[in-house]
Amino acid sequence: RRRHTRLQGDWSSDVCSSDLKPSRKPTRKPSIKPTYAPSQTPSYGGSGGSPYSIQCPSGKRLLSVGGRGGSWVNQLNGTCSSGTVLGPVGGTVGTAITAKNCTQGFTGASVTYGTYVGKISLTCGTTTKYTVIGSGQSSGSGTTKSFTCPSGQTLSGFGGKASVYRDSIYFQCSYGM
């Protein structure tokens with residue numbers, strides 16, 4: 001606002017302090033934590049059976065995996081770092097495999113498969129073949145594939161197709177606590 005002085009025609013460009021708006025502090029954008037999408041392995045095994053998928057809650061990892069197995073992997077179950085129990089999914093035949101605990105998280109696996117999933121060997125941290133389910137015999141034998149989760153990720157779930165046996169399986173890796 002301009003003000004008029006006593007001299008006619010003399011307009012001052014002085015600004016009154018009451019005319020000033022409070023200064024705006026520069027706004028800072030809130031920090032956004034990056035989100036990392038889970039990664040999924042290819043599906044290993046045959047094409048039969050019905051789809052299944054069991055996953056830990058977002059941001060959690062698998063701490064234990066167990067199941068039942070014989071010539072093939074018959075059943076799978078697990079426990080997440082949140083305490084969530086996954087499964088069991090699959091049949092009740094075969095020998096019960098006691099769930100093995102891996103507090104640092106499973107970092108990969110080796111899968112032997114043919115028409116069915118014959119054997120799963122999980123990697124705990126850097127220790128290979130930590131939990132073995134199934135013996136990989138009969139139509140569960142044939143091809144063996146191994147994978148390692150991307151750096152910083154651990155197993156957070158699994159899925160595939162199943163009937164009495166695990167016809168196929170895939171694993172999901174994610175960042176988790």
Would you say that [X] contacts [Y] through its side chain, given a criterion of any heavy-atom pair below 4.5 Å between the two side chains?
| X | Y | answer |
| --- | --- | --- |
| S168 | R166 | no |
| N74 | Y116 | no |
| T143 | V111 | no |
| C80 | L86 | yes |
| I169 | I120 | yes |
| D167 | T115 | no |
| I133 | V65 | yes |
| Q172 | L155 | no |

Quiz prompt | T107 side chain to C124 backbone, donor-acceptor under 3.5 Å | solution = no
Please round to the nearest 0.5 Å and tell me the distance separating atom [atom1] of [X] and atom [atom2] of [Y].
| X | Y | atom1 | atom2 | value |
| --- | --- | --- | --- | --- |
| S58 | K60 | OG | NZ | 9.0 Å |
| S174 | R61 | OG | CZ | 10.0 Å |
| L62 | C56 | CG | SG | 4.0 Å |
| S156 | I54 | OG | CD1 | 11.0 Å |
| T92 | Q75 | OG1 | CD | 7.5 Å |

Practice problem: Output, in order, the C-alpha distance, side-chain angles, deciding distance and verdict of side-chain contact (heavy atoms from CB on, under 4.5 Å) for V164 and V93. | Solution: CA-CA 8 Å; V164 174; V93 298; 4.0 Å; yes
On a heavy-atom basis, which atom in [X] and which in [Y] lie closest, and how many Å separate them?
| X | Y | result |
| --- | --- | --- |
| Q55 | F158 | NE2-O, 3.4 Å |
| Y170 | S53 | OH-OG, 3.3 Å |
| S82 | T84 | OG-OG1, 2.8 Å |

Quiz item: Run the side-chain hydrogen bond (donor to acceptor under 3.5 Å, both in side chains) check on S151 and Q153 step by step: do they pass?
Solution: CA-CA 6 Å; S151 180; Q153 293 187 10; over 6 Å; no
Self-check item: Common cluster, L63/I97, ILVMFWY with side-chain heavy-atom separation under 4.5 Å
Solution: no
Quiz item: Checking side-chain contact (heavy atoms from CB on, under 4.5 Å) for the pair F106/T123: CA distance, chi angles, key distance, verdict?
Solution: CA-CA 5 Å; F106 295 102; T123 304; over 6 Å; no
Exercise. Could you go through the side-chain contact (heavy atoms from CB on, under 4.5 Å) check for K119 and T144 one step at a time?
Key: CA-CA 9 Å; K119 181 168 66 173; T144 299; over 6 Å; no
Quiz item: F147 vs Y44 aromatic rings, parallel, tilted or perpendicular, using cut-offs 30° and 60°?
Solution: parallel
Quiz item: Which residue pairs satisfy the disulfide (SG to SG under 2.5 Å) criterion with at least one member in residues 141-177, sequence neighbours excluded?
Solution: C149-C173
